[in-house]
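Every number for a ligand or one of its atoms is a count from 1 in the order of the listing.
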Amino acid sequence: MTASNSEARQAAFRLLPSVDELLRDEAVLKAGAGMTHERLVRALGEILDGWRAAIGKGRLDADGLTAHLSEGGAAAALAERQRAESRRGVVPIVNATGVVLNTGLGRAPVHPEAAEAMKRAAAGYCVLEVDRETGKRNRRDEYLASLVCELTGAEAGIVVNNCAGSVMLVLSTFAREREAIVSRGELVEIGGSFRVPAVMERAGAKLVEAGTTNRTRLSDYSEKLNKNTGLLLKVHTSNYRVVGFTEEVSPTDLAALGGEHEVPTAYDLGSGLLESDGLKPLPLGDEPRVIEAVASGVDVVMFSGDKLFGGPQAGFLVGKKRAIDALRDNPVYRALRCDKVTLAGLEETLKLYLAGRGDEIPARALMTRDPKELQALAEEIAAAANAIDGFTATVVPERSQPGSGSAPDIFIDTFAARLTHASLSPDALSAALRHGEPSVFSRIADDALVLDPRTLLEGDLERLLGALAAVEA
Ligand SMILES: *Cc1c(COP(=O)(O)O)cnc(C)c1O
């Protein structure tokens, strides 16, 4: 470093204001409104640190700093920090990916009536663990359990925070310090670090593998049964398919084997498809159904609340009363129980199913949208994009996905707007939309940006068009 360089830096360092000086600047105070004094001081300190580092690296000199300060650089930096912060956390976005259940984007959007019930429960007091008639203490999920039993045909039910919690509760109740037999073909990882063998280990269960990766027969389970067996567990492989020469044991056969040896049986379904009379069937191939799983006679059937069921995050456990009572008596249940907001949302979602309005539940409704309606929406998006400088858009047949580990090999025909931009690559365009306000999530295919209208909810089309118009090249 030359001496003059070093002197220039010292000169710039000397021009740096102090936090106290910045705090006397009206514009800074205005930009920092809504921050506590402590936070404001910390933020200004960090902004000054950034400038100091830039000077140190020779990226900012005295003239640059003077100009920056006179242009209100401190207030602008503070405002930018505030904007960046408002984009963090759990903020709403527009989902134009066409993936209906996307864990990264919050899985199932609940029905507006469920959302309303959740809001009411959150904002006030509610009947939670008290009987309204007698004023005595009761169970928080008593009504919920009665609804889910009515819908699924189960004798009893209980609900916890998510399906991973359901599996944990089942293992901890029936297989702690005992053996749980699982088919080798079902020792899967469900994503989000949910690995069946790891969960079993943490629950204190000894994993006993039955059969092979592609074929497991009933005799493979019965060979492993012994006086230490606590559970026969079946896991739906969800996001994974073994095809070709395969064989798996039906839940009915597994339930019979368990019954014969008085060993509890459990079936982790994950996605929780709830087909019943009067509901439009979902285009999901052979995805197992909750009602059939319950009818198979296994003691406990587990499924997620926020996958195909279409409610808030939860894990349902339904089945035989004796088994469910045992789950309820496990102290671990207390650590996994749902809060009032989730319970309110689940109750409302169940009521929609029972009122014959299951097709209105967004997770289901989005999967069965009319292709004509989707085509019209895609055309509207493409036309709006073509009217904006730089964009070229067409409507193309595309494929949506159910997502969230349900039916990995299933795609649903859709129509999408395919966008390219004169000066932005598809990646840059996708990033610009993600960073915009509102933030839009899209897909990239064949070197273009794909906007699939399938996953647009009420009001999202307008928000999406606004976001496109705001893209800066
Ligand atoms: C998704 C899934 C889980 C985990 O469910 P969460 O509700 O996300 O905890 C467990 N088992 C199977 C088979 C799944 O598909």
Side-chain angles (χ1 to χ4, degrees), residues 99-110 144 148 157-172 175 180 182-203 205 207 216 231-242 248-249 251 254 265-274 282 284-290 292-294 296 298 300-319 327 332-333 335-339 342-343 345-346 349 363 401-410:
V99 182
V100 176
L101 299 170
N102 189 324
T103 300
L105 303 180
R107 290 209 187 149
V110 302
L144 178 83
V148 76
I158 188 170
V159 62
V160 295
N161 277 323
N162 51 32
C163 194
S166 304
V167 177
M168 200 75 193
L169 183 60
V170 162
L171 288 168
S172 139
V182 190
S183 161
R184 200 163 264 144
E186 297 173 2
L187 294 174
V188 291
E189 171 170 329
I190 312 279
S193 64
F194 181 82
R195 286 185 165 181
V196 174
V199 173
M200 297 188 79
E201 190 190 318
R202 282 307 169 110
L207 167 63
T216 303
L231 180 73
L232 298 175
L233 175 65
K234 188 170 171 57
V235 181
H236 173 42
T237 54
S238 292
N239 51 2
Y240 168 79
R241 284 278 185 284
V242 179
E248 64 174 297
V249 171
L254 200 66
T265 49
Y267 187 5
D268 174 17
L269 275 183
S271 33
L273 179 58
L274 260 162
L282 297 187
L284 296 178
D286 57 359
E287 182 70 29
R289 298 150 182 218
V290 174
E292 283 167 20
V294 169
S296 74
V298 293
V300 183
V301 173
M302 300 166 257
F303 61 97
S304 288
D306 56 353
K307 291 185 183 173
L308 294 173
F309 176 77
Q313 180 190 301
F316 282 104
L317 303 109
V318 296
L327 297 174
V332 169
Y333 165 65
L336 299 173
R337 73 180 187 191
C338 293
D339 75 316
T342 300
L343 291 174
L346 292 172
T349 307
Q401 272 185 277
S404 253
S406 40
D409 43 5
I410 300 268

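Summarising the geometry of V160 relative to G165, their closest heavy-atom pair is CG2-C, 3.8 Å, with the distance given to 0.1 Å.
Considering backbone and side-chain atoms alike, V235 places every N or O at 3.5 Å or more from each N or O of ligand 1. Some N or O of S304 is nearer than 3.5 Å to an N or O of ligand 1, by distance alone. Below 3.5 Å of separation, one finds no N or O of L269 facing any N or O of ligand 1.
No option in S166, S304, C163 other than C163 meets the side chain to side chain contact (heavy atoms under 4.5 Å, CB included) test with D268. Tested against L308, the residues V290, L284, L274 include a single side chain to side chain contact (heavy atoms under 4.5 Å, CB included) partner, L284.
Contacts between K307 and ligand 1 below 4.0 angstrom, taking non-hydrogen atoms only, involve the side chain exclusively. With a 4.0 Å cut-off on non-hydrogen atoms, R107 touches ligand 1 through its side chain and not its backbone.
The distance from ligand 1 to the heavy atoms of G270 drops below 4.0 Å at these ligand atoms: 2 (C), 12 (C), 13 (C), 14 (C), 15 (O). Atoms of ligand 1 found under 4.0 Å from any heavy atom of D268 (numbered from 1 in listed order, with element): 10 (C), 11 (N), 12 (C), 13 (C). Close contacts of ligand 1 with H236, meaning ligand atoms under 4.0 Å from a residue heavy atom, involve 13 (C). Counting the atoms of ligand 1 from 1 in the order shown, those under 4.0 Å from a heavy atom of A164 are 4 (C), 5 (O), 6 (P), 9 (O).
Applying the salt bridge (Lys or Arg N to Asp or Glu O under 4.0 Å) criterion to R184, with sequence neighbours excluded, gives E209. Taking F316 as the reference, F303, F309 meet the ring-ring contact (aromatic ring centres under 6.0 Å, His included) condition, with sequence neighbours excluded.
Within the 3.5 Å criterion, the main-chain N or O of N161 finds a donor-acceptor partner in the side chain of Q313.
For M302, the heavy-atom gap to ligand 1 stays at 4.0 angstrom or more.
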(Q) Could you go through S183 and E248, starting from their C-alpha distance and side-chain angles, then the distance that decides it, and tell me whether this counts as side-chain hydrogen bond (donor to acceptor under 3.5 Å, both in side chains)? (A) CA-CA 8 Å; S183 161; E248 64 174 297; over 6 Å; no
